[in-house]
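Written out below as structure tokens is the structure these notes cover.
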There are 2 protein chains.
Amino acid sequence: MSTLGLKLRELREQAGLSLRKAAMRTDIDVSILSKMERGERKFSKELVLKLAELYKANADKLVIDFLSEKVLYELEDEDFGLEALKVAEKQLKYKKDKDKK
Amino acid sequence: MSTLGLKLRELREQAGLSLRKAAMRTDIDVSILSKMERGERKFSKELVLKLAELYKANADKLVIDFLSEKVLYELEDEDFGLEALKVAEKQLKYKKDKDKK
DNA sequence: TATGTGTTGACTATTTTTGTCAAAGGTAAT
DNA sequence: ATTACCTTTGACAAAAATAGTCAACACATA
């Protein structure tokens, strides 16, 4: 289910770190990290950033995944999720344009 | 700021209902409806549906606006909001496709 | 003055999220 | 079989976010 969790688990393994060690290094309880990697709990943005640094991975991409997952969570079981995303996108683009001035 | 709030306020006025009456008919406190219309508090989906019915308005469109606003709220101040939306969209499309089978 | 309008803020209750902890079960090595 | 790791689980408490209640205010108008 959780793409972000899977990715972060793979990155951790590639970095040769155990759950315990990764948890310690990022000041978080092991059990929580375990749950997060398996999608049982949501990541926080701060933790994603910490882990990205620890694993020397691309933080931006991970944050994008994090946000995307957050958004999808809000839309689960919604009939008009896709339409809502499109409206949101339009508004965000408009806002970005306006802010540029 | 709040498009949904503005829309619902306009719809209420077009329906010739006062805040108090609309609130009573939807079983909600007046103060909350007032705040919601002005974007000071978030709408709930249930309330949006109730109001749509009361105002005889297109519920689907209002729900889409509601969801879109919810999503944008999550992404405010995020540098990669737009990118996140695109990723979310892609995944949602994929999921929808898969569920079809 | 009396009635109807919308707004505000203080407060409580409830729900959700987050964090802590102890223990279980697995594997591997010695 | 005990030691030393690993990950997972669940129970619980703390904290934060959300939702709901209520009384009063300011304004307009009949």
Side-chain angles (χ1 to χ4, degrees), chain A residues 1-52 54-55 62-63 65-78, chain B residues 1-52 54-55 62-63 65-78:
Chain A
M1 173 84 274
S2 167
T3 303
L4 181 61
L6 288 180
K7 280 188 190 171
L8 285 170
R9 167 152 293 189
E10 280 180 14
L11 286 168
R12 174 172 62 79
E13 287 168 349
Q14 281 166 23
L17 289 169
S18 76
L19 211 43
R20 274 197 155 74
K21 284 181 185 166
M24 282 183 84
R25 297 250 229 136
T26 48
D27 273 315
I28 201 184
D29 192 278
V30 205
S31 72
I32 294 183
L33 184 55
S34 167
K35 285 166 187 162
M36 283 173 169
E37 287 188 352
R38 285 171 300 113
E40 202 179 310
R41 284 218 188 173
K42 285 182 246 168
F43 281 95
S44 67
K45 192 184 169 190
E46 306 83 272
L47 183 60
V48 170
L49 291 173
K50 280 189 191 172
L51 291 173
L54 180 60
Y55 304 153
L62 289 172
V63 167
D65 282 345
F66 162 71
L67 292 173
S68 158
E69 209 157 88
K70 208 168 153 192
V71 160
L72 286 172
Y73 178 79
E74 300 281 324
L75 297 179
E76 69 178 2
D77 307 322
E78 287 294 344
Chain B
M1 177 82 272
S2 163
T3 301
L4 181 61
L6 288 179
K7 278 188 190 172
L8 284 170
R9 168 151 292 189
E10 281 180 14
L11 286 169
R12 176 172 60 76
E13 288 167 349
Q14 281 166 22
L17 289 170
S18 76
L19 210 45
R20 280 196 155 75
K21 281 181 187 165
M24 283 183 81
R25 296 249 230 137
T26 48
D27 273 317
I28 201 184
D29 191 277
V30 204
S31 72
I32 294 183
L33 184 54
S34 168
K35 286 165 188 163
M36 283 173 169
E37 286 188 353
R38 285 170 300 113
E40 202 178 309
R41 283 219 189 172
K42 285 182 244 165
F43 281 96
S44 68
K45 191 184 170 191
E46 305 83 273
L47 183 59
V48 170
L49 290 174
K50 279 190 192 171
L51 291 174
L54 180 58
Y55 305 152
L62 289 172
V63 167
D65 282 345
F66 163 72
L67 292 173
S68 159
E69 210 158 89
K70 207 168 154 192
V71 160
L72 287 172
Y73 179 79
E74 300 280 324
L75 297 180
E76 69 180 1
D77 307 323
E78 287 293 344

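In what follows, chains carry the letters A, B, and so on, assigned in the order in which the sequence lines appear, proteins first and then strands, with residues in each chain numbered from 1.
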>> Any side-chain to backbone donor/acceptor pair from Glu69(B) onto Leu4(B)? Under 3.5 Å, distance only.
In response: yes
Over how many whole Å does the gap from [X] atom [atom1] to [N] atom [atom2] extend?
X	N	atom1	atom2	answer
Arg41(A)	dG10(D)	CZ	C1'	11 Å
Arg20(B)	dT21(D)	CZ	P	16 Å
Met36(A)	dT9(D)	CE	P	16 Å
Lys70(B)	dT18(D)	NZ	C1'	12 Å
Glu13(A)	dC6(D)	CD	P	13 Å

>> Need one value for Ser34(A): base, sugar-phosphate or nothing, where a base atom within 4.0 Å counts as base even if backbone is also close, heavy atoms only.
In response: base
> Which part of the nucleic acid, if any, lies within reach of Lys35(A) when heavy atoms closer than 4.0 Å are counted: base, sugar-phosphate only, or nothing?
Replying inline: base
> Want to settle it: does Ser18(B) or Lys42(A) sit nearer the 5' end of DNA chain C, counting the closest nucleotide to each?
Replying inline: Ser18(B)
On a heavy-atom basis, which atom in [X] and which in [Y] lie closest, and how many Å separate them?
X	Y	value
Phe66(B)	Phe43(B)	CE1-O, 3.1 Å
Glu78(B)	Glu74(B)	CG-O, 4.3 Å
Leu17(A)	Arg12(A)	O-NH1, 3.0 Å

Using atom types as modelled, flag every donor-acceptor pair under 3.5 Å from a side chain in residues 23-31 of chain A to any protein atom, sequence neighbours excluded.
residue, atom, partner, partner atom, Å
Thr26(A), OG1, Ala22(A), O, 2.7
Thr26(A), OG1, Ala23(A), O, 3.3
Asp29(A), OD1, Ser31(A), N, 2.9
Asp29(A), OD1, Ser31(A), OG, 2.7

> Near DNA chain C, which residues from residues 22-32 of chain A have a heavy atom under 4.0 Å away?
Replying inline: Asp29(A), Ser31(A), Ile32(A)
Quick one: list whatever passes side-chain contact (heavy atoms from CB on, under 4.5 Å) with [X], sequence neighbours left out.
X	result
Glu46(B)	Ser44(B)
Lys42(B)	Tyr73(B)
Glu13(B)	Arg9(B)

> Passes side-chain contact (heavy atoms from CB on, under 4.5 Å), Leu6(B) versus Thr3(B)? Steps please.
Replying inline: CA-CA 5 Å; Leu6(B) 288 179; Thr3(B) 301; 5.8 Å; no
>> Students should find this one: the first and last nucleotides of DNA chain C, 5' to 3', lying under 4.0 Å from a heavy atom of chain A. What are they?
In response: dT17(C) to dC21(C)
